Structures are given as C-alpha cells and as structure tokens.
There are 2 protein chains.
Amino acid sequence: MTHSQRRRIPNAAVARLPVYLQILNNLHATNVARFSSDELAALAGVNAAKVRKDLSYLGSYGTRGVGYEVTYLIHQIRRELGLMREWNVVVVGAGNLGCALAKFGGFAPRGFPVVGIVDNDPKKIGQSTGALKVSDVRNLQKLVKDLDVTIGAITTSTSAAQSAADALIEAGITSILNFAPIVLAIPSSVSVRNVDLGVELQILSYYEQMRIEQTDLKIQQRSNAVPV
Amino acid sequence: MTHSQRRRIPNAAVARLPVYLQILNNLHATNVARFSSDELAALAGVNAAKVRKDLSYLGSYGTRGVGYEVTYLIHQIRRELGLMREWNVVVVGAGNLGCALAKFGGFAPRGFPVVGIVDNDPKKIGQSTGALKVSDVRNLQKLVKDLDVTIGAITTSTSAAQSAADALIEAGITSILNFAPIVLAIPSSVSVRNVDLGVELQILSYYEQMRIEQTDLKIQQRSNAVPV
DNA sequence: AGGGCTTCGTGCAGAATTTCACAAAGTTAA
DNA sequence: TTAACTTTGTGAAATTCTGCACGAAGCCCT
C-alpha cells in the first residue's frame, strides 16, 4: 500500500490537466524551458494558486523561486492522465460526424488512434472512410477484442444511440464519448463524456439573455434615478 | 426591483437545464403529460433532490403529490434559458468542421440558425456551403450588425483562433463557442464555451487508467492475501 | 555568508454544489 | 371528513472546489 495507493485527483483538477498539457506542449514547441504558476495561470485563464494545487496532485515537481520545467511537467501530466500509451478508439455510426472523426487525423498524434468504424446500415458497410472501411456493427465485439479498443465514440442518430452504447458495453468498452443529444443509461463502471453542441449553445444563450436583462435593468434604473 | 431582480441560477444548474429540456421534449413527443422528479432524475442520470432544486430555481411549478406538467415545464425552462427567441450564429473558419456546422440543419430547429460563415482564405471566399456562401472575414462586423448575430463559433485552425476571437469581439459578439484546442484570451464580459475532443478523450483516459490500476491492485492484493 | 527577491506548496476559510431528510400540500379512497 | 399515500420544496448537513495568505525553499547579488 505504498505508492500504488495513488492519491485520487479531484474531478475538477482532472478536467484541467489536459488544458495545461495543451499549453505546455505549445510552450515546448516555442522553445520555452520553464514556466511559473503565474504564467500558466494567465495562459489557462485560471487562478495561480489553483494551478499550483492542481500540479501538486502530481507530486512536488516545481522548484521554489524558479518554477516548473516544461518537458518534465509534460511528462508527469502525461503519465498521470494515462497518456504514456495509446488508447484505441472505435466509432459507432458512419454518418457525417462519424466519418469526419475517422478521417480526421488529429487524434492519433494525441494518442487516440481511430482504429475502426462500424454501422448497421448495409449501404454503408464496406465503404471506405479515410484509411478505414466501415464494418458491420455485429463485428463490434470481435473488433474490440482484436484491436484492443478501449474507447467508443457514439455518432449515431439519437434513436440508435442507446443500442450503440449497449453494444459497446457488451463488447467490453469502458469509456464512451457520446455525441448524441441523449443521456445514456449505462452502468457506473463505464465512463461517459457527452458532447452536445445544442446544450452548449443553450448555456450560452442563458448568459446572453442574462446580460441583456442586466443592461435593460440598468437603463431602466438610470431613467428612474434621474427624474427631471 | 420586483421581478426584474431575477434570482441568479447557479452555474451548475444552468448547465443541467438544457439536458432536462431535451428529455422533456422527448417525453412530450411520446405524449407523456406529467412527470415526477424521480422519473426525470432517472432519465437524466442525477439525484431526484437535485432535479427538484434545479427546477425550483425557475419557480414553484410542481404540484405536490402529483409532479410537474411536461408542457408547462418546457415553457418555463425555455423562458429561463432565453429560448423564446432565436439566436443567430456566425461560423468563423470554413474548414471541414465549419462547413459541416453551416450545412447541418440541426441547430435552426433548436433556435440557433447559422446565418453566416466567414474565412480569410481567398480560395474559400465565395464558395457555397449548404444555403450559405463563405464571405470575407473582413465583412464580419457588417454581417454581425446586419443579421443581428449574437453567437460566434470558431472553427479555424489553432493558430488563427485567437485572431478570430478578436475579430468576433471587435464585431460586437458576446458569446463564443470555441472548437480550437486553445484557451482564448477574452474580456470577462464575453462568454465562452470550449469544445475540445482531445480534452474529453484525455479525461476519459485518466479514468480508464485509474480503473486498470485499481484492477491490478486488487489482483495483487488477492495474491498477497492468500499465500500458499 | 547573508540579505533580498522570487515562487512553490499547502493549511485554512469561504463559496459553491450536492445530498439528505422531512414538513407541507396535494390526491385518492372509503 | 378522515386516513393513507404521494411528491414537492427547502432548510441544513455533507462534500467538493476555490482562493487567499504565508511559511518554506531556492536563486542572486554584494
């Protein structure tokens, strides 16, 4: 129960580490060797104390009076996030989005190669998308086993999303990236991240309307406050 | 200072209201007239008390012993989220993703019509994407004014994203949906939502690795605990 | 060597969020 | 009408997250 008893990193911090990593990769690309928590905080748009606390969950890798080393921290964050290895991804649903994900080469270099894409539509099965051929969703289990897939991306229609999730879980997948605007019913042993642009837009519209009401209110108050 | 002094809804609750709305729309489509907090909680994958508290921020619209009315709640959530009107969206960056967003008809019915798409590449300007023609980013200000655009979606390359944001803000936009994997520097008066699939995948990989380590640990403990 | 300066690591208080638990308020049935 | 039952609305406790403030630790200059 020594070091394997890993300190659990708070969820909120886990969600920020990838952002830090992205920034550090940029710093590295521009030949920056060191950074302070203040600098990273400014780039990430957060509080400096938060940066230090987040990084402290990885261990004490900074040097007081100096800061942190870019390459070393990159290494540590990658280790903690499980990015020392590749995680194979299978896409379920060969529609516009699914094919775009399969073709898009941006994930492999970040450690998440898309190694398969499946659909249940006979018209789509067999077609090529980038380097991959769409295969039958019935081969999912075999595909997951053979190619050691751990992450499934659901890009089906809303109505097919739940059965896609069921199929993925049946096949042994334990992480799902869901693009369908629906809350999936899944066991707690499986992780899900939802990407729903409609939700994002609606959140924006709330704050947009808030601002408008605030402005209206101020205008109203001004005309009330200064009567002639 | 009566009703215009609106109770501020906690951020965490704001982020859940769109999810509830989506579910209620589905219930409505299947002719369900009423629901209880328990039912909605199950569908949304959250705690029932949380549902009740979230809905209570809208007002006391439930009936004890009975539940909530689907249509009435839909109306109230839409009102609160600012969905009683349309919010026009402009896309900056006519690459794969940008064009896909412009073509995709799924936002207009949810109240967010994409009314324009711009780019700075002369080769792309003038091309058609769906019903829209790509226009010059230099027309952004005029476009935003003329078409009353309030939300900007950034789908440029990473390197162009910050100047896209600057241009949007310069043009008077106050809400941004950012798809570039970069933290934008923007004034606090502007809302931003980031959609970064790389970040999502890395969060998943953290928990995936966590699970694997847990499993390894248990196996190890088991073999330690029962020595021959 | 020592003083001044910088920056990390973290205890702690306060804020935000989640969850519990129960009174209040309604329905239903006899 | 009353008793049994259901479900909301919400104080209050529990948990999580944030940010301040400051001691600790290293660098630099004299």
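Keep in mind it's a predicted model, so treat the numbers as computed, not measured. Because only heavy atoms are used, hydrogens play no part in the values below, and waters and symmetry mates are left out as well, while side chains stay in. Naming convention: chains lettered A, B, ... in sequence-line order (proteins, then strands); numbering from 1 in each chain.
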Between [options], which nucleotide has the shortest distance from any of its atoms to the side chain of [X]?
X	options	result
S36(A)	dT7(C), dG19(D), dT7(D)	dT7(C)
S60(A)	dT10(C), dA24(D), dG9(D)	dT10(C)
R52(B)	dT10(D), dC8(C), dT10(C)	dT10(D)
V66(B)	dT27(C), dT17(C), dA25(C)	dT27(C)

What is the distance, to the nearest angstrom, from the [atom1] atom on [X] to the [atom2] atom on [N]?
X	N	atom1	atom2	result
I9(A)	dT18(D)	CD1	P	14 Å
D38(B)	dC5(D)	CG	P	18 Å
E69(A)	dC8(C)	CD	P	13 Å
K50(B)	dT16(D)	NZ	P	12 Å
L73(B)	dT8(D)	CG	P	10 Å
R64(A)	dT7(C)	CZ	P	14 Å

Given DNA chain D, 5'-ward residue of the pair F35(B) and A13(A), judged by closest heavy atom: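 Result: F35(B).
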
Residue whose closest nucleotide on DNA chain D lies nearer the 5' end, S56(B) versus A49(A):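 Residue closer to the 5' terminus by nearest nucleotide: S56(B).
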
Looking across every strand, which nucleic acid part, if any, lies under 4.0 Å from N11(B) by heavy atom: base, sugar-phosphate, or nothing?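 Result for N11(B) = sugar-phosphate.
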
So what does A12(A) hit on the nucleic acid, given a heavy-atom distance under 4.0 Å: a base, only sugar-phosphate, or nothing?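 Touches sugar-phosphate only.
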
Using the six-membered ring wherever Trp is involved, compare the ring planes of Y72(B) and H75(B) and label them parallel, tilted or perpendicular (cut-offs 30° and 60°).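 Rings of Y72(B) and H75(B): parallel, as their planes differ by under 30°.
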
Return no unless some side-chain N or O of [X] is found under 4.0 Å from OP1 or OP2 of [N].
X	N	value
R16(A)	dT18(D)	yes
S37(A)	dC8(C)	yes
N47(A)	dC20(D)	yes
Y57(A)	dT10(C)	no

Report yes or no: do Q162(A) and D166(A) form a side-chain donor-acceptor pair below 3.5 Å?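 The criterion, which ignores hydrogens and geometry beyond distance, is satisfied for D166(A) and Q162(A).
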
Would you check if there is a donor-acceptor pair between the side chains of N11(B) and Y206(A) at a distance under 3.5 Å?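 Result is no, nothing qualifies.
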
For G65(A) and Y61(A), take the nucleotide of DNA chain C holding the closest heavy atom to each; which residue's nucleotide lies nearer the 5' end?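 Whichever sits nearer the 5' end wins; that is G65(A).
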
Side chain K53(B) and base dT18(C) donor-acceptor under 3.5 Å: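 Per atom types, no contact qualifies.
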
Please examine the side chains of I77(A) and Y61(A), heavy atoms only from C-beta on, and report whether any two atoms are closer than 4.5 Å.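 Not in contact.
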
I'd like to check L24(B) versus H28(B) (side-chain heavy atoms, cut-off strictly below 4.5 Å). Are they in contact?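 No - every pair of side-chain heavy atoms lies 4.5 Å or more apart.
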
